[in-house]
Amino acid sequence: QVQLVESGGGLVQAGGSLRISCAASASTLSINVMGWYRQAPGNQRDLVATVTRNNITKYADAVKGRFAISRDNAKNTVYLQMNNLKPEDTAVYYCYVLGATMAGNTYRYWGQGTQVTVSS
């Protein structure tokens with residue numbers, strides 16, 4: 001079983017910055033993609049950013065130019081640097097991993113979520 005531990009959420013003023021982290025523990029599972037989704041109250045869970053093992057990144061249009069995703073493969077840790085935060089960024093941010101076993105089976109895992117609140 002993969003365990004994801006998130007940290008770094010909190011309260012910040014509009015225009016400020018936060019960096020959230022997610023550390024994954026895995027044994028037989030190879031982590032191919034790590035990233036972040038977010039869910040605001042009453043809304044669906046939407047993709048924020050993802051990064052592959054060879055550092056190919058993808059961002060939602062709403063965060064392009066403001067957020068930066070990175071990962072440390074040796075530590076199986078993914079980071080999300082969030083700059084110029086806006087109130088509409090307020091949400092629970094969920095860590096996400098996509099992995100595969102040697103048999104070719106793929107699995108998706110989710111963190112417990114960390115709250116990011118941006119005040120106006």
Side-chain angles (χ1 to χ4, degrees):
Q1 184 78 4
V2 172
Q3 295 190 79
L4 306 176
V5 180
E6 302 181 30
S7 63
L11 176 66
V12 66
Q13 294 180 346
S17 299
L18 281 175
R19 190 192 196 202
I20 55 178
S21 304
C22 175
S25 63
S27 56
T28 60
L29 190 71
S30 177
I31 305 298
N32 297 324
V33 180
M34 304 187 76
W36 298 91
Y37 284 65
R38 68 185 182 185
Q39 187 169 20
N43 294 334
Q44 65 183 10
R45 187 177 297 185
D46 294 322
L47 184 145
V48 177
T50 58
V51 58
T52 68
R53 194 169 188 86
N54 59 343
N55 290 313
I56 298 173
T57 59
K58 180 190 296 183
Y59 296 94
D61 288 341
V63 306
K64 287 181 179 177
R66 299 189 297 119
F67 291 9
I69 190 170
S70 61
R71 66 185 287 175
D72 184 335
N73 290 331
K75 299 171 65 175
N76 277 334
T77 300
V78 63
Y79 308 91
L80 186 68
Q81 178 68 45
M82 301 179 287
N83 299 319
N84 192 24
L85 282 160
K86 303 175 180 180
E88 50 262 45
D89 295 317
T90 296
V92 177
Y93 285 70
Y94 294 93
C95 182
Y96 155 85
V97 302
L98 175 65
T101 66
M102 288 298 178
N105 303 117
T106 60
Y107 298 91
R108 300 175 71 180
Y109 294 91
W110 298 94
Q112 80 282 0
T114 185
Q115 176 70 232
V116 172
T117 302
V118 184
S119 62
S120 61

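The residues of the chain are indexed from 1 along the displayed sequence.
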Over all heavy atoms of both residues, which pair between L80 and A49 is shortest? Give the atoms and the distance, please. CD1-CB, 4.3 Å
Just checking, any donor-acceptor pair under 3.5 angstrom between side chains of T117 and Q115? yes
Step by step, would you call I20 with E6 a side-chain contact (heavy atoms from CB on, under 4.5 Å)? CA-CA 7 Å; I20 55 178; E6 302 181 30; 6.0 Å; no
Short side-chain to backbone donor-acceptor contact, Y59 and T50, under 3.5 Å: no
Of all pairs that satisfy disulfide (SG to SG under 2.5 Å), the ones with a partner from residues 86-119, not counting sequence neighbours: C22-C95
Within one Ile-Leu-Val-Met-Phe-Trp-Tyr cluster: L11 and L18, side-chain cutoff 4.5 Å: no
Smallest heavy-atom separation, M82 atom then V116 atom, equals CE-CG2, 3.9 Å
Determine whether I31 and L29 satisfy the following criterion, side-chain contact (heavy atoms from CB on, under 4.5 Å), listing intermediate values before the conclusion. CA-CA 6 Å; I31 305 298; L29 190 71; 4.0 Å; yes
Where is the tightest heavy-atom contact between R108 and L98, given as atom of each residue plus distance? CG-CD1, 3.7 Å
Mind listing the closest non-hydrogen atom pair of N83 and S17 along with its distance? OD1-OG, 2.9 Å
Could you tell me which non-hydrogen atom of T57 sits nearest to which non-hydrogen atom of V51, and how far apart they are? CG2-CG2, 3.8 Å
How long is the gap from OG1 on T52 to CD1 on I69, to the nearest 0.5 Å? 10.0 Å
Is the cationic atom of R45 (NZ for Lys, CZ for Arg) positioned less than 6.0 Å from the six-membered ring centroid of Y94 and within 45 degrees of its normal? yes
For Q13, look at atom CD and say whether over 12 heavy atoms of other residues, nucleotides or ligands are found less than 6.0 Å away. no
Looking only at side chains, do D72 and T77 share a donor and an acceptor under 3.5 Å apart? no
Answer yes or no: is there an ion pair linking D61 with K64, defined by an N-O contact shorter than 4.0 Å? yes
Indicate yes or no for a side-chain donor-acceptor contact from R38 to the backbone of V92 under 3.5 Å, with no hydrogens or angles considered. no
ring-ring contact (aromatic ring centres under 6.0 Å, His included) filter on Y96, not counting sequence neighbours, yields Y37, W110
Applying salt bridge (Lys or Arg N to Asp or Glu O under 4.0 Å), can you list everything that pairs with R53, at least two apart in sequence or on another chain? none
With hydrophobic residues grouped by side-chain heavy-atom distances under 4.5 Å, do Y79 and V12 end up in a single group? no
Which heavy atom of A24 sits nearest a heavy atom of L4, and at what distance? CB-CD2, 3.3 Å
Atom CH2 of W36 and atom OG1 of T114: how far apart are they, to the nearest 0.5 Å? 7.0 Å
Is the number of heavy atoms from other residues, nucleotides or ligands within 6.0 Å of CD (Q112) greater than 12? yes
CZ-OG distance between R19 and S70, expressed to the nearest 0.5 angstrom: 5.5 Å
To the nearest 0.5 Å, what is the distance between OG on S30 and OH on Y107? 13.5 Å
